Amino acid sequence: MTDTAEVKTQNVETQSALPPEETERLSTEIVAALKTVFDPEIPADIYELGLIYKVDIKDDRSVDVVMTLTTPNCPAAGELPTMVENAIASVPGVGVVNVNIVWEPQWTPDRMSDEARLVLNMW
């Protein structure tokens, strides 16, 4: 797992009235938590795979997540959203977590980070 100080939080957004230091801490720790969630069939975490489209931290500390799956027929479709919810909920200070699965835009391998490409040998 990546050290939380090095985690990129490009998919995390907030319009929150929380102090900037707190939103930064939450963002970093949420991304680190997401990086512990793996699709059971793919040896890369869902964040680096590009399955997380948006994480929105609200004023009340609730977190809305917009994510997708590699395919609508993904065998892990029933469990991944719960795994994401549980991972984020484990971050101290996070309130209710809502995970929304979307199919647009469709996931493609172009969404993967270099780290995921390296793990999957997809250069």
Side-chain angles (χ1 to χ4, degrees):
M1 184 168 100
T2 303
D3 184 338
T4 56
E6 299 174 10
V7 172
K8 294 174 272 182
T9 58
Q10 71 265 9
N11 296 342
V12 179
E13 298 180 10
T14 183
Q15 302 294 322
S16 175
L18 295 172
E21 309 80 37
E22 181 65 357
T23 56
E24 179 64 27
R25 179 193 70 81
L26 288 171
S27 297
T28 300
E29 290 185 21
I30 287 169
V31 170
L34 287 169
K35 291 177 68 57
T36 68
V37 179
F38 287 75
D39 182 315
E41 298 182 324
I42 303 173
D45 70 76
I46 62 167
Y47 192 80
E48 296 299 333
L49 282 173
L51 298 180
I52 303 297
Y53 287 174
K54 182 178 176 183
V55 175
D56 189 11
I57 303 167
K58 306 289 188 180
D59 290 349
D60 64 356
R61 297 177 175 268
S62 63
V63 177
D64 292 339
V65 179
V66 177
M67 68 175 288
T68 194
L69 303 172
T70 55
T71 174
N73 298 324
C74 176
E79 64 191 86
L80 274 178
T82 301
M83 292 167 66
V84 167
E85 181 180 341
N86 291 340
I88 294 173
S90 73
V91 173
V94 166
V96 175
V97 179
N98 301 301
V99 178
N100 184 29
I101 301 289
V102 298
W103 303 111
E104 293 294 328
Q106 181 178 6
W107 180 86
T108 67
D110 294 338
R111 296 192 58 85
M112 291 190 303
S113 70
D114 288 346
E115 182 179 315
R117 289 178 192 286
L118 181 62
V119 168
L120 299 174
N121 197 25
M122 292 183 70
W123 289 102

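None of the values given here were measured: they were computed from a predicted structure.
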For [X] and [Y], which heavy atoms make the closest approach, and how far apart are they?
| X | Y | value |
| --- | --- | --- |
| Met122 | Pro109 | CE-CB, 4.2 Å |
| Gly93 | Arg61 | O-CD, 3.0 Å |
| Trp107 | Leu69 | CB-O, 3.6 Å |

N/O donor-acceptor pairs under 3.5 Å from side chains in residues 37-46, not counting sequence neighbours:
unit_1	atom_1	unit_2	atom_2	d
Asp39	OD1	Glu41	N	2.9
Asp45	OD1	Tyr47	N	2.9
Asp45	OD1	Glu48	N	2.8
Asp45	OD2	Lys35	NZ	3.3

Using the side-chain contact (heavy atoms from CB on, under 4.5 Å) rule, take Val63 and Val91 through it: C-alpha gap first, then chi angles, then the decisive distance, then the call. CA-CA 11 Å; Val63 177; Val91 173; over 6 Å; no

Sequence neighbours left out, what passes side-chain contact (heavy atoms from CB on, under 4.5 Å) with Pro19? Give chain and number order.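 Glu21, Glu22.
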
By side chain to side chain donor-acceptor pair (under 3.5 Å) - contacts of Arg117 (at least two apart):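 Arg117 satisfies side chain to side chain donor-acceptor pair (under 3.5 Å) with no other residue.
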
Please list, chain by chain and in numerical order, all residues satisfying side chain to side chain donor-acceptor pair (under 3.5 Å) with Ser62, sequence neighbours excluded.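 So Ser62 forms a side chain to side chain donor-acceptor pair (under 3.5 Å) with Asp60.
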
Under the salt bridge (charged side-chain N to carboxylate O under 4.0 Å, His left out) rule, what pairs show up with a residue in residues 64-76, not counting sequence neighbours?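 Qualifying pairs: Lys58-Asp64.
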
Value rounded to 0.5 Å, distance of CG in Leu34 from CG in Leu49: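 Taking CG in Leu34 and CG in Leu49, the distance rounds to 12.0 Å.
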
Below 3.5 Å, can you tabulate the donor-acceptor pairs from side chains in residues 73-86 to any protein atom, sequence neighbours excluded?
unit_1	atom_1	unit_2	atom_2	d
Asn86	ND2	Thr82	O	3.3

Is any side-chain heavy atom of [Y] closer than 4.5 Å to one of [X]?
| X | Y | value |
| --- | --- | --- |
| Val102 | Met67 | no |
| Ile30 | Ile57 | yes |
| Glu29 | Val94 | no |

